[in-house]
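Reading through the structure tokens given below for one structure.
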Amino acid sequence: MLVEVLLCVAVLLLLHLWSNRPSTLPPGPRRYPIIGSGFADNDSVKRLQQKYGDVFSTRFGAVDQVFLCSYKLIKEAFAKTEFADRPSWRVFNFLSDGEEAGVIFSSGARWQASRRFLLRQLRDLGMGKSSMDAAVAVEAKALVEDFRRIAGSPTTLPDSISLVTLNVVWQLVASRRYNLDDAEMLRFLRLIRVFQEDVVFLVLPEFFPWLNYIPAPLMRRLSRQDWLQKSAKQANDMMQEVVDQHRASLDPDNPRDLIDCYLLEMERQKDSPSVIFNDTDLRKNIFDLFSAGFDTTSNMTRYVILYMAAHPDVQRKVQRHIDEVVPRGEVPASRHRARLPYLDATLQEVHRMASLVPLGVSHAAATDVRIGEYVIPKGTPVSACIGLCHKDPRYWDEPEEFRPERFLDEEGKFVAQREGFLPFGVGRRSCLGEALARMELFSFAAALLQSFTFAPPEGRKVDLGYTMLPGINVPKVQELLILPRT
Ligand code: HEM
Ligand SMILES: *[C@@H]1O[C@H](CO)[C@@H](O)[C@H](O)[C@H]1NC(C)=O
Ligand SMILES: *[C@@H]1O[C@H](CO)[C@@H](O)[C@H](O)[C@H]1NC(C)=O
Ligand SMILES: *[C@@H]1O[C@H](CO)[C@@H](O)[C@H](O)[C@H]1NC(C)=O
């Protein structure tokens, strides 16, 4: 009996030692073998912050993760290259045949080169500037027309909200635009979503390495790998076709879009010793722009509409300002923007309240790196609790109140940046498409609110809650009334 008891104690002790956090990691909840301490999502990080403070660590399965929950800490950390890597999970390279490629999930020299290139090109191609304005205005008009079609009785918001943002990325990347009911466009849309939503199974072995011992045929079935691979091939073939068309009609003196610029860069760099610019990388960069650029912006547009329906006083004020600045029959555009500070402030406040990407996109420590008294080992995923910062009473008074005035100064001028505000992240990895996203949101919101008033259906309330999807919290699908303004 004594032997059994001693054995049990010994085993428990071993398990305890095995599963405990390395002493240099920030504090966190108890770890158990195999499961770790559980999955940390937008809601649990709040409890963990209250218990362990602004820096804590958890373990999901076999992987330690660090969370930063104060704006000051996040800003300091993410300004450093030591925090600018991404975790090296195989799933991120699914679309590029297992090779690291593209910008969102690459690290080190490849990431730096891609990011520098994309930032320069996006700026030159007019992201956030007036040359992109025309393209966005066309989509804003199409959106209004589509809304007019379904106005009058309670309806869920139409798919055109996604399709117009998809078109903006297409325009930037390949000078293309599709009609909102184009079959090829819908096929492409479905393909991209496959990789955002259905790859969850592929990421699990990173956290639960014992899954690698499941016989391969069974694992392939469970993770639907064959089907995913077929979809990946379809997506890549589709993209390669677009690239090849560009190559065939390339005019070196007049690059039309991002693909043209990339092809020219590829040519320039072909003799450099560290070539990273090739077709695989180009296709992945394009996928990155699509996957980062369209569901985010379209879901934010949806949030804006829902917040307006829930706050009729704010909606009326925004509409009054639009009417004062933009003549009826004219599509609101960037040139009106400086005179519509209240609309910009309202969009900021929706960003703050909604925190679309509540935990950002995971970074990883590029070397063993110190935060205060803790040491975070190389490769450890590090996340920013963006959603918590946006409701942090140290930065916002009455954080649960929807109050666009927070983003106006005493003279009513728009204040774009505030401490504690980081819907697009902060530092070296911050969103590459922020200027474009802001431009789209402004134009779409202005055009829609110029033409319609949004309200909950008779006797119902707007639900501002969210559905948690991998990486983003999207608004709940619900019916609204779209009322044409006269
Ligand atoms: C409302 C819309 C959007 C929101 C809220 C948003 C938010 C974010 C966030 C939080 C990150 C992660 C930052 C980090 O890792 O610390 C990110 C990264 C990124 N975003 Fe956006 N984004 C939006 C729209 C766009 C658009 C329109 C594009 C491009 C067309 C874009 C391209 C990217 C790219 C390429 C990255 C990765 C940057 C890198 O790893 O260096 N995003 N975005
Ligand atoms: C919001 O994002 C989710 C996940 O990417 C997507 O399934 C959904 O269609 C998006 N909604 C809109 C209106 O774009
Ligand atoms: C692109 O470059 C990577 C290495 O950076 C290489 O593995 C891959 O095969 C290349 N792809 C093409 C199409 O040349
Ligand atoms: C996330 O959690 C915070 C804090 O618990 C909460 O205020 C917020 O509404 C949640 N949702 C989003 C989308 O951030």
Side-chain angles (χ1 to χ4, degrees), residues 74 77-78 83-86 93 96-107 110-112 114-116 118-119 122 127-128 156-166 168-173 189-190 192-193 195-197 236 240 258 266 274-305 347 350-351 354-364 382-384 386 422-441 466-475 477:
I74 298 169
F78 285 6
F83 284 98
D85 273 10
R86 298 279 188 213
N93 308 327
S96 44
D97 291 332
E99 296 282 342
E100 189 181 277
V103 66
I104 304 183
F105 297 117
S106 57
S107 296
R110 172 184 289 280
W111 164 69
Q112 272 173 358
S114 299
R115 185 170 169 106
R116 201 173 309 122
L118 284 177
L119 265 179
L122 293 182
M127 181 174 86
T156 54
L157 293 174
D159 244 3
S160 51
I161 297 186
S162 308
L163 300 177
V164 290
T165 59
L166 194 59
V168 172
V169 183
W170 265 119
Q171 193 69 39
L172 187 76
V173 165
L189 187 92
R190 276 194 296 273
I192 297 184
R193 292 219 167 115
F195 301 104
Q196 284 173 343
E197 288 158 27
N236 271 305
Q240 189 62 46
L258 199 98
M266 207 156 135
S274 60
V275 221
I276 59 163
F277 288 78
N278 70 19
D279 278 22
T280 310
D281 182 68
L282 169 55
R283 291 195 309 266
K284 185 62 158 66
N285 270 305
I286 299 174
F287 288 133
D288 280 354
L289 291 178
F290 277 114
S291 59
F294 97 101
D295 269 343
T296 44
T297 314
S298 58
N299 273 302
M300 270 313 292
T301 309
R302 226 147 51 93
Y303 267 130
V304 171
I305 292 172
L347 298 176
V350 176
H351 273 301
S355 297
L356 184 75
V357 196
L359 292 173
V361 177
S362 199
H363 292 218
V382 180
S383 295
I386 293 176
L422 65 166
F424 296 94
V426 62
R428 291 178 182 267
R429 275 276 178 178
S430 71
C431 179
L432 263 175
E434 173 171 351
L436 180 62
R438 287 187 184 286
M439 182 172 170
E440 287 183 67
L441 277 176
Y466 57 91
T467 309
M468 232 186 269
L469 293 176
I472 73 176
N473 283 349
V474 304
V477 174

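Note that ligands are numbered from 1 as they come in the structure, with each ligand's atoms numbered from 1 the same way. Note that these values count all heavy atoms, side chains included, but never hydrogens, waters or copies made by symmetry.
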Considering all heavy atoms of both residues, which atom of M468 and which atom of N473 are nearest to each other, and what is their separation? CG-OD1, 3.0 Å
For a quick check: using heavy atoms under 4.0 Å, what are the residues in contact with ligand 3, sorted by chain and number? E99, R110, N278, T280
Close-contact set for ligand 2 against S162 heavy atoms, below 4.0 Å: 12 (C), 13 (C), 14 (O)
Between M439 and V168, is any pair of side-chain heavy atoms under 4.5 Å apart? no
Value for CZ (F287) from CG (L282), rounded to nearest 0.5 Å, stands at 10.0 Å
Ring geometry between F78 and F83 (parallel below 30°, tilted from 30 to 60°, perpendicular above 60°): tilted
Considering all heavy atoms of both residues, which atom of R429 and which atom of V103 are nearest to each other, and what is their separation? NH1-O, 3.2 Å
Nearest neighbour of atom 13 (C) of ligand 1 from the list Q112, E440, R429, R86, on a heavy-atom basis: R429
Got a salt bridge between D288 and K284, using NZ or NE/NH1/NH2 to carboxylate O under 4.0 Å? yes
Closest contact, heavy atoms only, F294 versus L189: CE1-CD1, 3.2 Å
Atoms in ligand 2 with a heavy atom of S298 nearer than 4.0 Å: 12 (C), 14 (O)
Near R302 (heavy-atom distance under 4.0 Å), the atoms of ligand 2 are 11 (N), 12 (C), 13 (C)
Does the side-chain contact (heavy atoms from CB on, under 4.5 Å) test come out yes or no for R428 and W111, once each step is laid out? CA-CA 11 Å; R428 291 178 182 267; W111 164 69; 4.0 Å; yes
Where do L441 and T297 come nearest, in terms of heavy atoms and distance? CD2-O, 4.0 Å
Closest non-hydrogen atom pair between I104 and R86, with its separation: O-NE, 2.7 Å
Heavy atoms only, cut-off 4.0 Å: how does M300 contact ligand 1, side chain, backbone, both, or neither? side chain
Give the atoms of ligand 1, by number and element, whose distance to some non-hydrogen atom of P423 is under 4.0 Å. 5 (C), 7 (C), 10 (C)
Could you pull out the closest heavy-atom pair between I386 and S355, with the gap in Å? O-OG, 4.3 Å
Looking at ligand 1, is there an atom of it that comes within less than 4.0 Å of some heavy atom belonging to I104? yes
Ligand 1 to A437, heavy atom cutoff 4.0 Å, flagged ligand atoms 2 (C), 24 (C)
Considering only heavy atoms from C-beta outward, does the side chain of V164 approach that of E440 to under 4.5 Å? no
Say you draw a straight line from OG1 of T467 to CD1 of I472; how long is it, rounded to the nearest 0.5 Å? 10.5 Å
Sub-4.0 Å atoms of ligand 1 with respect to non-hydrogen atoms of V103: 35 (C), 40 (O)
For ligand 1, the portion of H363 having any non-hydrogen atom under 4.0 Å away: side chain
Any W111 heavy atom less than 4.0 Å to ligand 1: yes
Relative to the heavy atoms of L469, which atoms of ligand 2 are at a distance of less than 4.0 Å? 3 (C), 4 (C)
Using a strict cut-off of 4.0 Å, indicate which atoms of ligand 1 neighbour a heavy atom of V361. 12 (C), 15 (O)
N or O contact, R428 vs ligand 1, cut-off under 3.5 Å: no
Below 4.0 angstrom from a heavy atom of R115, which ligand 1 atoms are there? Numbered from 1 as shown, please. 38 (C), 39 (C), 41 (O)
